[in-house]
Amino acid sequence: MIHFALKRLGVAVLVALTVSILSFSMVYLSGDPALALAGEGASEQDIENVRRVYGFERPIVVQYGDWLVRALQGNLGHSNYLKADVASVVFERLPTTMLLGACALAFALILSIPLGVVAAIRPNSMIDRFALTVAMIGQAMPSFWFALTLMLWFGLNWRLLPISGTASWQHFVMPSIALGYYVTPAVMRLTRAGMLEVLSSDYIRTARAKGLRPMTVLFKHALRNAIIPVVSLSAVQFGFMLGGSIVIETIFAINGLGFLVWESILRADVPMMQAIVLVLSIIYILLTFLADLLNGFLDPRIRVS
Amino acid sequence: MTDVTKSSGASQGGSILSSGLDDILEPSPGSLMRKRIFGHTGLVIGGGVLLIILLMAILAPVISPGDPYDQDLSRKLIPPVWHESAKVTWDHPLGTDLLGRDYMTRIFYGARISLLIGFAAMMISGLIGTTLGVLAGYFGGKVDMVVNFIITTRLSLPVVLVALAVVSLIGSSLTVVIWVLGLLIWDRFAVVMRSATQQVRGLDFVAAAQSLGCSTRHIILSEIMPNVANHLIVIATIEMAHAILLEAALSFLGLGVQPPDPSWGLMIAEAKGMLFFDAWLITIPGVALFALVLSINLLGDGMRDVTAPENRN
């Protein structure tokens, strides 16, 4: 197990380093960063000064090393637009996005796991077909359109829920549904496939032959094993949702990381964009690493291969 | 499958003379395939809807009631014909937008943009992902490790965010959106092609080709590729749908297709402020996007069912 964990950790660190190189190189995507920072109409001398102050005249490798060392110390740079420390702004906004992601994931799991289980108990039944249709429709709806439609019905026509902001828990209901529904098809299909496989295995037949109650067989014996891949999928999907919340946060005016990154992109605030890409990627890498460990712990076969 | 048995049962019920040949001759593979295709409800619906949207896109200049860029502020915000309003007119069956442009025309031309971006981005990502996946699956070992590493790195980057950031830094245009999406969504191609190739490369005909002295290039192109192609078609439809939804999201956020071009995502963004007054401005392009993505997904699922070898008997 320790060997397995160390190997996974090594890969995770390498991936994180590669991601850091990619997010560092964003500075150079729009051409000369000094030119962009100095602004239009800046003289040669101004541009030269900017280049020297920000250290853009040094070799790129040195600049990257310097940036990485500072990032590791928790210094993600300075936002010229907000006149503030990037790291403190990012970590101030992160909890809101995490909360939204957690609510969305909870919504998705509560909806999709029971649907998947029921669909697997009666394959090709009406319920199974209904679940698959729901999954199909869910995957085809653009999230922003779904969010706007929710707003129209629940916010305006029925006046059940507030449409923007983060003041109370009711404010999180629609954004969580809009963000979480996109995950439900994947979780449902995986639960269904896992349950179908487990239900046809020998030990379930044995459990049934012993005369155990059907509910005990289903939940204590079958679901426990079928749920293992769902756990790691959930971790991965949680990471995806943090990155994907940008659309939902801008629609519902939720003051999280997604809204911040959208504002930063519109202002061309590159240090902020770099920091958010880096932070979200590293959270994702951590989540998949933990999911791998959990999988290895729960299922010894994975450790060996 | 039940449909096949049913129809052969029906032909036996006919007169012996007319059905005699059918009973003696094995049905040709082509006619079996046709039966499988037309017996699959999802495939027929998906293919039908996609065909309609495709025709809309191709014939847009012929069938459109107007011009997609023609503004007329005196005719702005006319509701579609099913609304009960004095302004409703058959000159604009789906109404007009905030600038008085005919909405149906913009929907038709928007289909072109969605299909073009979806198809082009899918081709780019398919080329990258298939190359990486097949190489990893065929060679294994170190190549496999490197490809796996690249896939893991790509998966850890948040797609929407990176796409938005890159498009904003480079500057948005149709070509930039296509390339950025294509370079970002190849992961599923790589993952699926890798495992499909791993399965095929262990089979006897690959070993036979190797022992005959065939070149690696020949083995990959002529022995492996035809046998993993059915997976390829399914992933291609999934990723085309994915690219269409991403383009719509980018355009919705103002960083994809730029006005005045009629992208469905952009049309929804332009009408966002009118959500509580003229909701149809958002509903119509939304339904169009939904129908397009759903039809592509149905087509992909159907193709998988029809081409899977286990469904052939």
Side-chain angles (χ1 to χ4, degrees), chain A residues 11-12 14-19 22-23 26-31 36 132 136-137 139-146 148-149 151-153 155-157 163 182 236 239-240 242-247 250-251 257-258 261-262 264-266 268 270 273-274 276-277 280-285 287-288, chain B residues 42 46 145 148-171 238 241-242 244-255 264-265 268-269 271-272 275-277 279 281-283 285-298 301:
Chain A
V11 174
L14 270 180
V15 171
L17 278 175
T18 318
V19 167
L22 291 174
S23 63
M26 270 167 58
V27 188
Y28 284 94
L29 261 184
S30 55
L132 286 177
M136 200 83 196
I137 290 173
Q139 273 172 336
M141 270 197 292
S143 59
F144 55 93
W145 178 62
F146 183 57
L148 289 172
T149 311
M151 246 175 159
L152 182 65
W153 289 101
L156 186 84
N157 290 0
I163 55 166
Y182 204 69
V236 173
F240 277 137
L242 293 184
S245 69
I246 176 165
V247 178
T250 45
I251 292 177
L257 218 49
V261 81
W262 189 60
S264 308
I265 286 171
L266 294 185
V270 181
M273 283 150 71
Q274 281 180 311
I276 296 172
V277 168
L280 285 179
S281 303
I282 286 179
I283 291 176
Y284 178 87
I285 294 167
L287 283 170
T288 43
Chain B
M145 263 173 62
N148 244 339
F149 180 76
I150 301 175
I151 296 174
T152 318
T153 308
R154 159 50 208 94
L155 280 174
S156 63
L157 291 169
V159 176
V160 181
L161 213 160
V162 172
L164 281 173
V166 172
V167 167
S168 78
L169 288 173
I170 301 180
I238 294 177
H242 189 191
I244 289 171
L245 283 178
L246 279 174
E247 178 274 318
L250 289 189
S251 301
F252 176 76
L253 290 170
L255 287 155
W264 291 342
I268 294 178
K272 203 170 48 175
L275 173 67
F276 296 146
F277 312 104
L281 280 174
I282 285 168
T283 310
V287 169
L289 263 173
F290 173 68
L292 176 58
V293 173
L294 186 66
S295 69
I296 295 174
N297 283 341
L298 281 174
D301 270 20

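Below, chains carry the letters A, B, ... as their sequence lines are ordered, and counting in each starts from 1. For clarity, every value in this text was computed on a predicted model and none was experimentally measured.
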Please rank B:Leu253, B:Leu289, B:Thr283, B:Ile296 by heavy-atom pairs under 4.5 Å with chain A and give me the top one. B:Leu253
Donor-acceptor pair, distance only, cut-off 3.5 Å: does the side chain of B:Ser156 make one with the backbone of A:Ser281? no
Under the criterion side-chain contact (heavy atoms from CB on, under 4.5 Å), I'd like the reasoning laid out for A:Trp145 against B:Ile268: C-alpha separation, chi angles, the key distance, then a yes or no. CA-CA 8 Å; A:Trp145 178 62; B:Ile268 294 178; 4.1 Å; yes
Identify which part of B:Val287 has an atom lying under 4.5 Å from any heavy atom of chain A, answering side chain, backbone, both or neither. both
Give the member of A:Ala12, A:Gly243, A:Pro142 that has the highest number of heavy-atom pairs under 4.5 Å with chain B. A:Pro142
Cut-off 4.5 Å, heavy atoms of chain B, and the answer for A:Tyr28 is neither
Checking heavy atoms, do the side chain of A:Val236, its backbone, both or neither come under 4.5 Å from chain B? neither
Contact leader toward chain B among A:Ile285, A:Val11, A:Ile137, A:Val247, where contacts are heavy-atom pairs under 4.5 Å: A:Ile137
I'd like to verify something: which residue of A:Thr250, A:Ile251, A:Leu148 has the highest number of heavy-atom pairs under 4.5 Å with chain B? A:Leu148
Between A:Phe240, A:Tyr284, A:Trp262, which has the largest tally of heavy atom pairs under 4.5 Å with chain B? A:Tyr284
Side chain from CB out, backbone as N, CA, C, O: work out which of these in B:Asn148 comes under 4.5 Å of a heavy atom of chain A, or both, or neither. neither
When the 4.5 angstrom heavy-atom criterion is applied to A:Gln139 and chain B, the contacting part is both
Region of B:Phe290 that comes under 4.5 Å of a non-hydrogen atom in chain A: both
Can you tell me which of B:Ile150, B:Val167, B:Leu164, B:Val159 forms the most heavy-atom pairs within a distance under 4.5 Å of chain A? B:Leu164
Find the one option among A:Val261, A:Leu152, A:Thr149 whose heavy-atom pairs under 4.5 Å with chain B are most numerous. A:Leu152
So which residue, B:Ile170, B:Ile282, B:Val160, ends up with the most heavy-atom pairs under 4.5 Å with chain A? B:Ile282
So, the part of A:Leu242 with a heavy atom under 4.5 Å from chain B: the answer is neither
